[in-house]
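Please read the structure below before turning to the comments.
Both backbone and side-chain heavy atoms feed into the values below; hydrogens, waters and symmetry mates do not. The sequence lines fix the lettering, A, B, ..., with proteins before strands; numbering per chain opens at 1.
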Amino acid sequence: MLFSLLHPANGKPFMEVFLQQIINGLTLGSIYAIVALGYTMVYGIVQLINFAHGEVVMIGAMVALTVISSLAGANTGMPPLVIVLAGIACAVPVCMGVGYTMERVAYRPLRGAPRLAPLITAIGISIILQHLAMLIWSRNPLSFPQIIPNPVFEIAGANVSGVQIAIISLSALMMLGLTALVYRTRLGTAMRATSENPQVAGLMGVNINRVIASTFVIGAGLGAVAGVMVGTYYGIAHYTMGALLGLKAFSAAVLGGIGNLAGAMLGGILLGLVEALGAGYIGEFTDLCHVSWISTGLAERCAQDGHVVLMGSNYQDVFAFLVLIAVLVFRPSGLLGERVGDRA
Amino acid sequence: MPLTRVPFRLRSVAVLSAVLLVAACGKQEEAAKPAAGGGATVVKIGHAAPLTGGIAHLGKDNEAGVRLAVDEANAKGLTIGGAKVQFEMLSEDDEGKPDKGPIIAQKFTDAKVAGVVGHLNSGVTIPASAVYNTAGIPMISGSATNPKLTEQGFAVTFRTVGRDDQQGPAIASYLAAQFQPKVVAVVDDATSYGEGLANEVEKSLKAAGITVLAREKGTDKTTDWKAILTKLKGKKPDAIFYGGMDSGGGPLVKQGRELGIKAVFAFGDGACTDKMQELAGAAAEGLVCSQAGIPAQASSKSFIDAFKAKFGSDPIIYAPFTYDATNLIITAMQKADSVDPAKYLPVLKAISFDGASGHIEFDEKGDRKDAEMTIFTLKDGKIVPVAIIKSGKTIPFEEFAKGAGA
Amino acid sequence: MDAKAKVGIVLIAVVLAVLPFVLAHVGTAWVRITNLAILFCLLSLGLNIVVGFAGLLDLGYIAFYAVGAYCYALLASPHFGLHLPFWIILPIGAGVACLFGVLLGAPTLKLRGDYLAIVTLGFGEIVRVFLNNLSRPVNITNGPQGVTLIDPFKLDGFSFSKSETLLGLTFSGPIKYYYLLLLVLLVVIVINVRLQDSRVGRAWVAIREDETAAQAMGINTRNVKLLAFAMGASFGGIAGGMFAAMQGFISPESFVLVESIMVLAMVVLGGMGNIWGVIAGAVLLSFVPEILRYTVEPLQKAAFGRLIIEPEVIRMLLFGLALVLMMLFRPAGLFPSKTRRREFAAAEQQHVG
């Protein structure tokens, strides 16, 4: 059965398709990684799943879309790249504002409450943000202005677009920047101290409220950039786009070990690869025609259709959840994290 | 039981009385409406579609079709069964939710409507149709394309739009004849509409001896098609059909071209809109797609003019079908000389009618006989009709338009 | 039981018995809306066992509703040509849903709080995606097309979908379903009340308040938590079966995540752990869209000449606001249970001190 997969007669040579799937997975994974960082930072510092983070990403995409389409439509003569940068420059502060407000209004008052309380408010905030966005930007899917030329390069038979290269490199840059911030600055030291033990950090003169608020703000800023990336990459934005993206990114954060920066990056990229390779190959691996000898009825269907696929790309959205459940059940600490399943 | 629980019960009594109060208020409003008739017999025609929510614009379009037909009939001042009649449209919002369908249907039954035009979505129309069937109220949908709707054996269920298994073969036969593909990939969005249409296309393609690859599926929210497209690229299909809406179809064709796929992209009516160009840019050029019925510009000119004059815009998709559905009900009433559903239903079943969407006759299930389908292509950023498919025959659009004009 | 309570009960019984006829007089549609509200009461009571009693946040509860509905649909429709009577299928549906509850509960028992919430959410989505896709290669669920022509409840020629006249009163289909639903609701309420004061009920509360302490007191936390999942799930399964029979058609789009969150909002609004509060929450939130339809729409039209915010959007915003505001200001719900209130008050004090 593997042989038939590798055989060149099966269409395009295996390696080229495989390489293309890796590139697809890396791009998707970079986006997941950036969103996952937002979850993991907040979790690391206040042990709270910020359910509404996906909505912040959506708002980032929407604000950028509005700015970019109005600038592009106004004939300002600005070069396209400047317009997109202006879009990001507007989206980031708006999202930071949303992140800060969320923390102040919905999470800070509940810091000592039972665990379920902030989670339920988070769900509430997420519903509210989604529907407010719907009121502002309509229910219809909006097309994201595609003003930057998007050249496609061919590398070893696989196609890589300019936007894909930009997404992967920008994500890498942001991860580096964030790591530097956490490990090289005063704020970063304060963050690490707070996540270690908020009471003691407070006693040592760390303004805990400020540190926690900054964490939310930075996470939201990253989310905004991720939103612009998603919009530019797919050319479409919708008020529900954040929900599933957020859940998947959260799964990525758990996979890598929640609360752990490197873990979120690793988890994001791995999840992107799992999804791309899963959607690309699960159909081949579960094609019952590889084992058509087990029943004559099956053999007949195979001769007729050429395939009897048990699970196809239709299960793509399930992979993230399966990964999540498997990790939590078998290794609650994630790939790189310390054991937190019980603490949660 | 301890005393402390009593207040809760009293509260629940309070809640119940509040509910009753609200219900009573609702009644008053409903009762106020029929008074508008002014002497004439008021005949109520129900219209249901999602008037809020993601496809509210389509619901409003359907509603506009019904409103136009009702207003035209009232302007004529019809006399049925010896009395002057005044038609009134009761428009309800079913939110596009399956569990709201029967409730709206019940509201119409309570309001004693003489006929219903709706609903929009197949998933809502099917559960609602059972209620109409029990009540004996004729129901004509102008947009529910799922074959199952009319396969339930209900005598009161009709539709003016073509079924998925009429549209599917049409686009499939056009693909087969025009592009002569050897291998076709079929992708859908795992919704009732998308999958239903894709199944019919696959069936027809296979019957034409074309190899169909294993089905690939996204969801109605999928925007990342790259993994699926990359897999398909490896199998070198000559054409790719997508059953779903434009919000998924746009990114699909855009990403397909980015990956260097040269196959023809084909779509059903959900993705047969000008929005494809907006979402996919230059990549959308040359795609083919189908719509049920004949295009507005080829249908009766008078309908388009009247619609534009009344609402200031062109109909979106299904307005001609709901317009026709309403006129069918009214015409059947005239012919039967009765507004009683039991009396005009047999007439409706046997009707032969020329409407805005072409000639209409119903078969024994309540489906349209020989429904026409139109094939479009995206040229210079606009969807333009290229051919009409009728009874399995392909007629180039210019030829058809000439025939219709004569 | 004292006289006051007796009067209260008689009053409620009379109101509930007469209710459908009053509603039918206004419009049978209101009976249908009430029936749907009772279904949501059943769902909320089921979820209340998991979330309210045992304190396990379940965000995928609608999956059990779906399992129950599909059990009924597949065993009583032309899809497989099976037409089993409802009194056989409903218990089967409850049993299968219960099995799913245990399936979900067993591996996730170690997880607490928010992790559990996310896993249950994932579980709910997985169930829906499978229901949506199990139409190929072998057609089990008929996929997104859904299952049509599901049998209504029937007892020896007495069909719940037909209209009948008895003692000069017209018993339409929805009215018959109303009484049946009410009966089921009563049974479920009785079970809930008994559970709450039972050994198991107290064990659940103990786990909710402090799992480690509960374990130290000799409670088998694993079994007791599993029982909560199983009981909650089977109520969901029963509600699902009744939904399928009333609806006559089901498809996976009725079982999306938003529905889970809606049921959760009902439980939270009414007061987690309080049976009467939860029922009030479910009734309130079920009727909100209908109430809004008759209040907000005309108001907006009168004020602005057109609809600016749709009732459905207002409802969703209300759900969201309810979740946030309840947690901030009345974390124990509008009608909190005594212990729950104590627990939140204790947490507050801890925080202050």
[X] portion near chain C, given a 4.5 angstrom heavy-atom threshold:
X: A/D317; value: neither
X: A/F250; value: side chain
X: A/V329; value: both

Q.
Counting only non-hydrogen atoms closer than 4.5 Å, can you tell me which residues of residues 318-326 of chain A sit against chain C?
A. A/V318, A/F321, A/L322, A/L324, A/I325
(Q) What residues of residues 119-134 of chain A make heavy-atom contacts with chain C at a cutoff under 4.5 angstrom? (A) A/L119, A/I120, A/T121, A/I123, A/G124, A/I125, A/I127, A/I128, A/H131, A/L132, A/M134
Q | Non-hydrogen side-chain atoms of A/V309 and C/P137 separated by less than 4.5 Å | A | no
Q. With under 30° as parallel and over 60° as perpendicular, where do the rings of A/Y43 and C/Y115 fit, or are they tilted in between?
A. perpendicular
Considering only heavy atoms, which portion of [X] lies under 4.5 Å from any heavy atom of chain A: side chain, backbone, both, or neither?
X: C/V119; answer: both
X: C/L121; answer: side chain
X: C/L134; answer: both
X: C/L317; answer: both

Pairs of donor and acceptor atoms involving the side chains of residues 122-131 of chain C, under 3.5 Å and at least two apart or interchain, shall be tabulated with distances.
from: C/E125; atom 1: OE1; to: C/R128; atom 2: NH2; distance (Å): 3.1

Q.
According to salt bridge (charged side-chain N to carboxylate O under 4.0 Å, His left out), who are the partners of A/E103, at least two apart in sequence or on a separate chain?
A. A/R108, A/R111
